[in-house]
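A short write-up of the structure that comes next.
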Amino acid sequence: IFSGEVKEENEGPLQPDGVPVTLKVEDFGAKGDGKTLNTKAIQKAIDDCGKGESVYIPKGDFMTGSLFLHSDMELYIEEGAILHGTADVKDYSPKIKSRFEGIEMMCYSALLNMGELDRNGGYNCKNVKICGGGTVCGGGRELAENVIEVEKVLLKDYMESLGDKILECENMETIPGRPRPRLINMSNAQNIVIENITVQNGACWNVHMIYSDNIVTCGCTFRSEKVWNGDGWDPDSSTNCTLFNCHFYTGDDAVAIKSGKNPEGNIVNKPCEHIRVFD
């Protein structure tokens with residue numbers, strides 16, 4: 001899926017036959033004014049994007065909640081464009097099956113989602129490329145703190161039932177912080193390229209691939225210095241994941257390779273294999 005071809009500057013997204021086929025989000029009503037919530041407009045462009053076509057984000061600051069990509073498409077974020085996640089927890093509903101620190105659980109949807117988690121299933125989202133020179137920016141620490149406040153209310157009875165035991169190995173922010181949305185999440189995904197973008201300020205880990213295969217990330221800059229637990233690139237029980245020519249300025253791990261934990265890790269029994277990190 002990564003051909004190694006280099007596009008001319010401002011050439012825009014090209015399909016294999018060399019003919020640009022783009023769905024511009026502005027044509028669907030999206031506004032890059034840094035204020036308008038564009039979730040429905042951008043999702044409509046994604047849903048209408050045919051096999052081998054591209055959704056095009058032009059220069060501007062496009063505020064949005066969770067978006068769900070599908071197989072055989074490109075998301076082209078132009079240099080100077082920001083796909084900007086809000087800090088409002090309700091913009092990351094519904095919760096989806098995910099995994100946090102080796103344990104499957106329900107988490108808020110990522111800003112960009114590919115695939116559905118199924119430990120026993122095959123790959124259900126394939127052949128996606130995210131590129132263009134622009135920025136994917138999350139709600140950052142503010143969103144993380146908002147999630148924790150919401151989850152403290154939802155988990156009130158459970159947290160109280162733990163009593164002082166919680167202080168032996170956790171702090172009061174850890175458990176309600178587990179469901180925080182990732183910035184880019186891939187579950188049961190295959191043949192995904194993330195190329196030449198800035199990945200910035202996810203409320204949790206920035207790029208997380210679970211039970212996935214052949215994920216290539218190159219030419220990217222990761223920034224999350226002030227975000228608690230703001231990992232950069234986290235392959236999780238995934239195979240053939242390659243990272244190169246990237247820069248990291250992260251608030252936690254730059255790269256963290258995961259493969260399950262405790263009894264559940266043995267039951268799932270999916271190791272990370274063939275992870276390549278260089279340059």
Side-chain angles (χ1 to χ4, degrees), residues 1-2 4 77 83 85 98-105 107 110-115 117 123 125 128-131 133-141 143-144 174 177-262 264-265 268-279:
I1 189 168
F2 177 66
I77 306 167
L83 193 61
S98 190
R99 202 186 203 193
F100 182 74
E101 294 189 345
I103 305 297
E104 289 186 3
M105 63 179 294
C107 295
L111 184 62
L112 294 178
N113 301 270
M114 286 165 272
L117 193 72
Y123 304 115
C125 185
V128 178
K129 187 173 186 178
I130 303 172
C131 60
T135 298
V136 178
C137 180
R141 191 178 186 92
L143 175 57
T174 301
R178 288 172 180 166
R180 287 168 295 142
R182 314 302 124 86
L183 187 63
I184 301 176
N185 183 81
M186 292 158 274
S187 299
N188 291 74
Q190 187 180 49
N191 301 339
I192 312 295
V193 172
I194 302 172
E195 176 187 5
N196 187 31
I197 62 170
T198 296
V199 180
Q200 181 170 306
N201 291 345
C204 188
W205 308 328
N206 284 280
V207 174
H208 185 201
M209 59 289 277
I210 322 165
Y211 309 155
S212 294
D213 176 69
N214 194 25
I215 311 298
V216 176
T217 306
C218 58
C220 295
T221 299
F222 291 75
R223 296 189 178 276
S224 60
E225 293 101 325
K226 297 181 181 180
V227 180
W228 160 62
N229 210 201
D231 290 10
W233 190 81
D234 288 12
D236 193 348
S237 290
S238 293
T239 55
N240 300 304
C241 298
T242 303
L243 171 80
F244 65 97
N245 189 28
C246 291
H247 292 81
F248 288 85
Y249 309 87
T250 53
D252 203 335
D253 303 315
V255 174
I257 300 172
K258 307 170 182 292
S259 57
K261 185 166 66 176
N262 298 341
E264 184 178 298
V268 174
N269 194 29
K270 290 181 180 289
C272 264
E273 297 181 306
H274 310 298
I275 310 298
R276 301 172 179 88
V277 177
F278 58 96
D279 192 15

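Residue numbers run from 1 in the order of the sequence given.
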Looking only at heavy atoms, what is the nearest atom pair of [X] and [Y], with distance?
{"X": "Asn201", "Y": "Val227", "result": "OD1-CG2, 3.9 Å"}
{"X": "Ala189", "Y": "Ile215", "result": "O-CD1, 4.2 Å"}
{"X": "Pro235", "Y": "Cys272", "result": "O-SG, 3.5 Å"}

Listed by chain and number, what are the ring pair (Phe, Tyr, Trp, His ring centres under 6.0 Å) partners of Trp205, not counting sequence neighbours?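 If we apply the ring pair (Phe, Tyr, Trp, His ring centres under 6.0 Å) test to Trp205, skipping adjacent residues, the hits are Phe100, His208.
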Per the side-chain hydrogen bond (donor to acceptor under 3.5 Å, both in side chains) rule, what does the pair list look like for residues 250-260, sequence neighbours excluded? Asn229-Asp252
Please report the interatomic distance [atom1]([X]) to [atom2]([Y]), rounded to the nearest 0.5 Å.
{"X": "Ile130", "Y": "Ile197", "atom1": "CD1", "atom2": "CD1", "result": "6.0 Å"}
{"X": "Asp236", "Y": "Lys270", "atom1": "CG", "atom2": "NZ", "result": "11.5 Å"}
{"X": "Asn245", "Y": "Cys220", "atom1": "CG", "atom2": "SG", "result": "9.0 Å"}
{"X": "Thr242", "Y": "Phe278", "atom1": "OG1", "atom2": "CZ", "result": "6.5 Å"}
{"X": "Gln190", "Y": "Met114", "atom1": "CD", "atom2": "CE", "result": "13.5 Å"}
{"X": "Asn206", "Y": "Thr217", "atom1": "CG", "atom2": "OG1", "result": "11.5 Å"}

Among Asp213, Asn214, Asn191, which residue satisfies the side chain to side chain donor-acceptor pair (under 3.5 Å) criterion with Asn240? Asp213
Do Arg99 and Ser237 pass the side chain to side chain donor-acceptor pair (under 3.5 Å) test, and can you show the C-alpha distance, the side-chain angles, and the key distance before you say yes or no? CA-CA 10 Å; Arg99 202 186 203 193; Ser237 290; 2.8 Å; yes
Between Tyr211 and Val268, is a side chain to side chain contact (heavy atoms under 4.5 Å, CB included) present by the stated rule, with each step listed? CA-CA 10 Å; Tyr211 309 155; Val268 174; 3.5 Å; yes
Just wondering, do [Y] and [X] contact through their side chains at under 4.5 Å, heavy atoms?
{"X": "Thr198", "Y": "His247", "result": "no"}
{"X": "Val136", "Y": "Leu183", "result": "yes"}
{"X": "Cys218", "Y": "Leu243", "result": "no"}
{"X": "Leu83", "Y": "Leu112", "result": "yes"}
{"X": "Ile192", "Y": "Ser212", "result": "no"}
{"X": "Val255", "Y": "Phe248", "result": "yes"}
{"X": "Arg182", "Y": "Cys107", "result": "yes"}
{"X": "Glu104", "Y": "Leu117", "result": "yes"}

Might you work through the side chain to side chain contact (heavy atoms under 4.5 Å, CB included) test for Met186 and Val128, ending with a clear yes or no? CA-CA 10 Å; Met186 292 158 274; Val128 178; over 6 Å; no
Treating Arg141 as the side-chain partner and Ala203 as the backbone partner, does any N or O pair qualify as donor plus acceptor under 3.5 Å?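 No: the side chain of Arg141 does not pair with the backbone of Ala203.
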Side chain Asn113, main chain Ala110, donor-acceptor under 3.5 Å: yes
From CA spacing to verdict: side chain to side chain contact (heavy atoms under 4.5 Å, CB included), Cys246, Trp233: CA-CA 10 Å; Cys246 291; Trp233 190 81; over 6 Å; no
Going through the distances and angles, do Ser98 and Met105 end up as a side chain to side chain contact (heavy atoms under 4.5 Å, CB included)? CA-CA 6 Å; Ser98 190; Met105 63 179 294; 5.7 Å; no
